[in-house]
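Chain identifiers are assigned alphabetically (A, B, ...) following the order of the sequence lines, protein sequences preceding nucleic acid strands; residue numbering begins at 1 within each chain.
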There are 2 protein chains.
Amino acid sequence: MGNATLRPPAKAAAAQRLIRAAGQRLTAPRTAVLAVLLDAKRALTHHEIGSALAPGVPVDRVTVYRVLDWLVTLGLAHRIPGEDRTWRFVASRVDSHGPHAHFTCSRCGKTVCLEAVATPPDVKVPRGFLPQKVELTVQGLCASCH
Amino acid sequence: MGNATLRPPAKAAAAQRLIRAAGQRLTAPRTAVLAVLLDAKRALTHHEIGSALAPGVPVDRVTVYRVLDWLVTLGLAHRIPGEDRTWRFVASRVDSHGPHAHFTCSRCGKTVCLEAVATPPDVKVPRGFLPQKVELTVQGLCASCH
DNA sequence: GAGCGGGACGCAACCGAATTGCATCTGCAC
DNA sequence: GTGCAGATGCAATTCGGTTGCGTCCCGCTC
Ligand SMILES: [Mn+2]
Ligand SMILES: [Mn+2]
Ligand SMILES: [Zn+2]
Ligand SMILES: [Zn+2]
């Protein structure tokens, strides 16, 4: 796995800083994957992340999956379920910690966070049910698809 | 595919009526699958539907998938994307035509429609984006899981 | 009640995302 | 520098869903 464009060194440094700050073991795959997410302007699939990795550091597919899981449990990234049954991943910016909505283009699959849209804080659920998280996804067409 | 419990004949008759009313060809698999959905009190996975089918009418997996797709395009059922990357299906009752939210138990996967919760009619999306559908899913624990 | 034609079905092969098992390697605390 | 828990690589596997194709049968016509 690897591709053409080099990751800006700044993003790699930021990734390392975040991993260290979380008190976690620093490895090349972890740094590389997180750097890709930090550099992305939209949610990325596992496949997109794999091919965005710098060619110098080949990372196994399975490792990418494991790093992503680990980033999610750590809170450094969040995972968005897609209509096409694939997860997409975004680095959790400091300014986007709260619950928020997502937009997915039904034609090209492009997915972005909608920071402006607040998810309804209170929903009516049946007796005995315990709501924990609200997922709000807007489907439609992105700017380049309509 | 087939299991132990017989489908109430009333549901089979209702299924036939709905298919006829839609001006579609009436077949045993279609009747059987729709009857299962009409009888269900919650959203069912493809697998659950398969094993809920009356044993007398064996239906191929692929046919179940195709019937479900067909029911969805016909508007007789709707499909709910799950956190576990599987679709769940519900018959679209006459009284639940509008957009509505869903609840999914994060422990047992049980999924139900939340008729009472309306999805936000208007959401702010980036310039040039065209919203078309809003998906609202509440995650949490169902009555028997907490 | 035959005859017919297009859509529906069954079967087998396939696909792609994600997971698991296991041997090997390595970051880092000491 | 050493030791070891934890991380990685590789191969195999699972699993939900799809595709291709030959056969079947629903429903219209006469
Ligand atoms: Mn987001
Ligand atoms: Mn519903
Ligand atoms: Zn698009
Ligand atoms: Zn439950």
What integer distance in Å separates A/Arg25:CZ from C/dA29:P? 9 Å

Sugar-phosphate only, base, or nothing, as touched by A/Arg66 at under 4.0 Å among non-hydrogen atoms: base

Under 4.0 angstrom between B/Arg30 side-chain N/O and C/dG7 OP1 or OP2: no

In whole Å, what is the span from the CG atom of B/Leu68 to the C1' atom of D/dG16? 13 Å

Shortest side-chain distance from B/Tyr65, nucleotide among D/dG17, D/dT8, D/dC25: D/dG17

Just compare D/dG9, D/dA7, C/dA18 and give me whichever is closest to any side-chain atom of A/Val59. D/dG9

Measure from CG on A/Asp60 to P on C/dT19 and round the result to the nearest Å. 14 Å

Which residue lies more 5' along DNA chain D, comparing A/Arg85 with B/Ala28 via nearest heavy atoms: A/Arg85

Could you check whether B/Phe89 and B/His78 have their ring centres less than 6.0 Å apart? no

Any donor-acceptor pair under 3.5 Å from B/His102 side chain to B/Pro81 backbone: no

Could you state the CD-C1' distance from A/Gln24 to C/dT26, rounded to the nearest angstrom? 16 Å

Which of D/dG17, C/dA17, D/dT19 is nearest the side chain of B/Trp87? It is D/dG17

Please report, rounded to the nearest Å, how far the P atom of C/dA8 is from the CG atom of B/Leu34. 15 Å

From C/dC9, D/dT18, C/dG27, nucleotide with atom closest to B/Arg61 side chain: D/dT18

In terms of side-chain heavy atoms of A/Thr86, which of D/dT18, C/dA17, C/dG10 is nearest? C/dA17

B/Thr27 vs D/dC25: side-chain N/O to OP1/OP2 distance below 4.0 Å: no

Closest to the A/Val62 side chain, choosing from D/dG27, C/dT20, C/dC28: C/dT20

